[in-house]
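Keep in mind that the numbers below use all heavy atoms, side chains included, and drop hydrogens, waters and symmetry copies.
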Amino acid sequence: MDKETIKLIRKSYNLNQRNFAKMVNCSFSLIALVEVGKRRVTQDLENKIIEAFQLNEQKINVMTSLFYQ
């Protein structure tokens, strides 16, 4: 998962960075820094996002393919 995928997931659920961070149980600043590329996406963050939104590889692929058409 990369910063663009995280931003896409957040926007597809119509969330701002603060609300997204609350749902994922991490800090707002972490999400902001990841989205601008100043922090990398850790496995822990990726797992939290997958769990919070009940995602799997197929759902992520569908979201990205629809967005990048």
More than 12 heavy atoms of other residues, nucleotides or ligands under 6.0 Å from CG of Asn14: yes or no?
no
Nearest 0.5 angstrom please: [X] [atom1] to [Y] [atom2], how far?
X     : Y     : atom1 : atom2 : value
Ser27 : Arg18 : OG    : CZ    : 10.0 Å
Met63 : Leu8  : CE    : CG    : 5.0 Å
Leu30 : Gln17 : CG    : CD    : 10.5 Å
Ile49 : Cys26 : CD1   : SG    : 7.0 Å
Arg40 : Glu46 : CZ    : CD    : 11.0 Å

Close side-chain approach of Arg39 and Leu45, heavy atoms under 4.5 Å:
no
Are Val41 and Thr5 close enough, and set up right, to give a side chain to side chain contact (heavy atoms under 4.5 Å, CB included), and what steps lead you there?
CA-CA 10 Å; Val41 180; Thr5 304; over 6 Å; no
Could you go through Met1 and Ile50, starting from their C-alpha distance and side-chain angles, then the distance that decides it, and tell me whether this counts as side chain to side chain contact (heavy atoms under 4.5 Å, CB included)?
CA-CA 10 Å; Met1 190 176 292; Ile50 288 169; 4.2 Å; yes
At their closest point, which heavy atom of [X] faces which heavy atom of [Y], and how far apart are they?
X     : Y     : result
Ala52 : Met23 : CB-O, 3.5 Å
Thr64 : Asn61 : OG1-O, 3.0 Å
Ala21 : Ile31 : CB-CG1, 3.8 Å

Exactly one candidate in Lys7, Lys11, Glu35, Arg10 meets side chain to side chain contact (heavy atoms under 4.5 Å, CB included) with Phe20; the answer is Arg10
Linked, directly or transitively: Val34 and Tyr13 (ILVMFWY side chains, under 4.5 Å)
yes
